[in-house]
Amino acid sequence: MGDKKKANNTADPNALVVAANGKALTSLGAVGLKVKVKDIRYDFFEGSWGQIKSISWCPDNRFLVTGSDDCYVRVFDVISGHCHRIFRVSSQVSAVQISPDGRFLAIGGTNHPVCLLELSSGHFIRLFEGDKSNQNKSISFSPDGNFLATATYPWDGALRLWEVSTGRCIRVYKDIRVSNVSFSPGGRFFATGSQYVRLWDVTTERLIRDFAVNMWGVQHKEVCFSPDGQFLASAEGAPWHGNDNALLWEVSSGRCVKVFNGHTRPILSINLNGRFLATGSMDQSAMIWDSLSGRCVKILAGNGSWVSSVRFSPDGQFLATAHGNILRLWEMPSVRFIRELGGSSLTAAFSFSPKDSIFYTLNDNDTAQLWSLSSGRPVRSFAEPTTSTYSSFRFDSHFSPKGRFFVTCGSNYTARLYEVASGKCINVFVGHEKFITAVAFSPDESFLVTGDGGGAIRLWQVSSTGRCIRVFTINGGFSSLCFCPDGRFVAIQTGNYIHFWDISTGQSINGFPGSGYITSASFSPDGRFMATGNSEKLGAVCLVEVSSGRSVKFFEGHTKSVNSFSFSPLTGRFLATGSDDFTSRLFEVESGICLHIFEGHKDKIMATYFSPNDERLLVTTSADMTSRWWNVSTGNHLATLHHLKKGFLWATPPDKGAPSGWLWTDRPELICVYKCFIHNNGEEYAIEDLPAGHSDRKKHLDVYNDQRMVMNRINNPEKYQADIRKITGKSAEAAINSRLRHNPILLPEGGDQP
């Protein structure tokens with residue numbers, strides 16, 4: 001940092017600096033505490049993704065998988081829109097492919113062999129050991145799932161054919177410089193893209209046909225067959241030749257039957273579903289073409305990002321497009337936008353216990369962490385056994401309504417029931433054949449309902465036996481489920497309809513339709529109303545009268561899709577919503593008026609939760625890896641819990657542009673302590689970070705790394721103000737304002753912050 005610098009200039013715009021005026025050792029101005037942001041980001045503190053490089057659909061359309069250059073593979077539930085599971089690999093991911101039977105997932109990356117995982121559990125199966133320096137840019141399973149073809153352009157340019165069951169390389173095609181490979185639907189041939197588009201016989205290794213004439217500088221970077229195998233599409237690109245076209249070839253004759261010309265920069269991805277052709281380009285757009293006429297049906301803007309991958313679902317009903325780090329889902333053939341998928345976050349799952357002021361979050365090591373609201377410290381972890389060598393995150397966990405039990409689900413098709421007081425696992429619910437994506441307790445804690453990705457919903461007794469009472473099967477899957485407040489019925493949201501099931505008889509009773517595709521629903525505390533989100537009215541939540549199915553009013557104001565909403569649990573007076581527009585809103589249910597807009601998150605809001613014992617407290621969780629705590633009465637931001645890969649950070653920023661205040665972390669190495677000096681002219685100077693073990697460093701950390709100060713801001717605002725006045729002689733606001741007069745906003749509006 002140098003020997004001496006003005007304190008006004010020492011603040012990195014991306015750093016968190018805590019300081020005020022002070023003279024004494026314990027004052028707010030004696031030191032500046034700075035979070036080492038780069039270290040935090042290295043530990044996945046940021047919520048933003050890297051660019052999505054590859055997309056693959058499950059055969060049943062229920063899940064799709066993305067691979068991106070942030071070294072993560074994500075599994076998304078298409079119906080709910082949630083990130084269902086995350087796999088961390090050791091290199092940037094350039095290709096992902098699900099086997100035809102949906103059992104396995106192959107992952108290819110930079111400087112790493114292709115690895116095979118079991119998709120349902122995340123268990124590592126094997127590596128396909130070739131040249132470890134190769135970048136596996138393309139992967140394709142044979143239709144019977146017995147073989148896997150990998151392309152390693154630009155390193156050795158080899159195409160390798162592997163036996164999936166053993167991992168043995170059975171054939172290597174050398175010196176053909178392959179950048180992309182695709183099996184034909186019948187499995188007899190595969191096509192490769194390079195300077196040529198070529199068709200090969202799998203059995204004889206014979207080159208059947210060259211489709212494209214070699215033109216210097218032109219590369220056919222992606223190839224794909226039509227579902228009937230009669231046609232082959234390729235994308236050629238070389239800006240200096242003006243070649244940014246997609247081509248359609250007749251497989252039997254090798255004749256080019258159609259040229260799709262419209263992109264202004266090279267095409268990165270191409271996919272053909274028979275009637276339609278989709279292309280994604282560096283010109284920040286995706287284009288949907290009629291494959292028969294060659295006419296462009298629709299242009300999808302990339303919102304400032306390359307469209308790096310486009311994939312139709314196996315049945316052609318949906319299209320997934322990757323716009324930089326954003327994944328979007330479209331309905332075909334109307335090309336109607338459905339939703340953005342994702343928002344994976346370590347804090348996406350969160351829930352309050354009804355007693356003892358406990359809440360939970362999900363950690364990155366497959367554990368659910370219980371926290372004490374009074375102390376802000378973790379009190380217990382529930383880890384689910386796993387044998388996977390790749391890290392993965394479970395999706396859903398919940399407290400029971402009276403706070404006695406805690407359930408986790410997602411891995412190995414099971415749900416596990418824990419006793420909160422002892423932390424003991426008292427039951428494992430076994431029987432699902434797909435990922436469990438949702439759970440709900442009955443209000444009296446007698447029953448637990450679980451739903452999986454195959455549309456099977458099971459009702460269990462919450463007892464020592466854990467017996468499955470009955471199974472409901474929902475064709476086409478469901479988006480969410482919940483018990484009605486009296487516990488007699490289970491509400492299941494599927495497509496554009498809400499079904500009610502009587503748990504005593506197992507019979508379906510009257511439900512009601514939504515105005516569009518229903519993404520989620522929640523009962524009001526008295527059971528009279530349901531709040532529903534749908535795809536028809538962007539950024540709005542509909543209030544529906546349960547008895548009649550009549551839409552009563554809409555809560556509007558968000559500019560993007562609403563991911564979460566919740567009623568205040570004691571009175572039902574308020575409704576909190578969380579959206580892809582990075583904000584949460586608080587509505588008064590009776591009037592429909594928006595009372596507060598909660599801003600500050602740097603990514604989409606994944607969930608909103610009221611405290612079950614105090615409706616004045618609201619928590620929002622976001623894909624930016626933070627949970628923010630708000631005062632419902634005033635709209636004030638109380639505190640933020642930042643999730644680190646190995647630990648956490650509490651902070652009480654009084655200003656979203658300058659998050660100055662008290663903080664506490666279990667990783668003190670993230671905190672820098674700068675000793676400040678004030679010259680007679682009023683200028684502040686700082687020396688280098690005080691080293692570990694320095695007595696002054698410890699004294700200052702004892703003041704600032706004070707858990708009481710953080711938690712009192714949430715639990716006891718009067719004591720928080722009294723403690724600040726005792727230390728500084730001023731109120732919290734006056735102390736902060738005094739500091740800001742000396743040192744203008746350290747984190748500018750809209751700037752990056754932890």
Test of understanding: with side chain to side chain contact (heavy atoms under 4.5 Å, CB included), list the residues that count as partners of [X], not counting sequence neighbours.
X	value
Gln317	Ser313, Asp315
Ala440	Val449, Leu481, Phe483
Ser611	Phe352, Asn613, Asp614, Leu617

Out of curiosity, [X] [atom1] to [Y] [atom2], how far, rounded to the nearest 0.5 Å?
X	Y	atom1	atom2	value
Asp486	Ser442	CG	OG	11.0 Å
Leu543	Ser551	CG	OG	8.5 Å
Ile457	Asp452	CD1	CG	8.5 Å
Tyr609	Thr620	OH	OG1	11.0 Å
Glu556	Cys542	CD	SG	10.0 Å
Ile605	Glu599	CD1	CD	10.0 Å

[X] versus [Y], closest heavy-atom pair with distance:
X	Y	value
Phe610	Pro569	CB-CD, 3.5 Å
Ser584	Leu618	OG-CD2, 4.4 Å
Ala286	Val310	CB-CG1, 4.3 Å
Met530	Phe500	SD-CZ, 4.0 Å
Val546	Gly527	CG2-O, 3.6 Å
Thr66	Ile55	CG2-CG1, 4.3 Å

Step by step, would you call Leu300 with Phe337 a side-chain contact (heavy atoms from CB on, under 4.5 Å)?
CA-CA 10 Å; Leu300 310 177; Phe337 173 72; over 6 Å; no

Taking atom types as modelled, is there a side-chain donor on [X] or [Y] under 3.5 Å from an acceptor on the other?
X	Y	value
His558	Ser561	no
Ser305	Gln284	no
Arg628	His637	yes
His601	Thr583	no

Pairing residues for [X] by the side chain to side chain donor-acceptor pair (under 3.5 Å) criterion, not counting sequence neighbours:
X	result
Ser566	Thr608
Asn715	none
Thr450	His432, Trp460
Trp650	none

Is the closest side-chain heavy-atom distance between [X] and [Y] below 4.5 Å?
X	Y	result
Lys53	Ser68	no
Thr626	Leu641	no
Phe529	Val544	no
Trp630	Asn636	no
Trp306	Gln51	yes

Charged N to carboxylate O below 4.0 Å: is that the case for [X] and [Y]?
X	Y	answer
Arg550	Glu545	yes
Arg404	Glu445	yes
Arg573	Glu615	no

Could you go through the side-chain hydrogen bond (donor to acceptor under 3.5 Å, both in side chains) check for Trp330 and Thr321 one step at a time?
CA-CA 8 Å; Trp330 311 83; Thr321 59; 2.9 Å; yes

Of all residues at least two apart in sequence or in a different chain, which pass the salt bridge (charged side-chain N to carboxylate O under 4.0 Å, His left out) check with Arg528?
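Partners of Arg528 by the salt bridge (charged side-chain N to carboxylate O under 4.0 Å, His left out) criterion come out as none, since no residue qualifies.
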
side-chain contact (heavy atoms from CB on, under 4.5 Å) between Tyr418 and Val420: does it pass, once the steps are laid out?
CA-CA 6 Å; Tyr418 295 89; Val420 172; over 6 Å; no

When Leu638 is tested against each of Val619, Asn631, Val710 for side-chain contact (heavy atoms from CB on, under 4.5 Å), which residue passes?
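It is Asn631, the one option of Val619, Asn631, Val710 that forms the side-chain contact (heavy atoms from CB on, under 4.5 Å) with Leu638.
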
Check ring-ring contact (aromatic ring centres under 6.0 Å, His included) between [X] and all other residues, then give those that pass, not counting sequence neighbours.
X	result
Trp57	none
Trp664	Phe648
Phe587	Phe555
Phe472	Trp501

Quick check: does any side chain N or O of [X] sit under 3.5 Å from a backbone N or O of [Y], one acting as donor and the other as acceptor?
X	Y	result
Asn712	Asn716	no
Lys553	Val589	yes
Asp581	Thr559	yes
Ser308	Ile52	yes

Apply side-chain contact (heavy atoms from CB on, under 4.5 Å) to Thr532 and Val541, showing your working.
CA-CA 6 Å; Thr532 65; Val541 175; 5.9 Å; no

Describe, in one word, how the ring planes of Phe441 and Phe405 are oriented to each other, choosing from parallel (under 30°), tilted (30 to 60°) and perpendicular (over 60°).
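Because their plane-to-plane angle is under 30°, the rings of Phe441 and Phe405 count as parallel.
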
Quick one, Phe565 with Ser522, criterion side-chain contact (heavy atoms from CB on, under 4.5 Å). Give me CA distance, side-chain angles, the key distance, then yes/no.
CA-CA 8 Å; Phe565 41 84; Ser522 177; 4.0 Å; yes

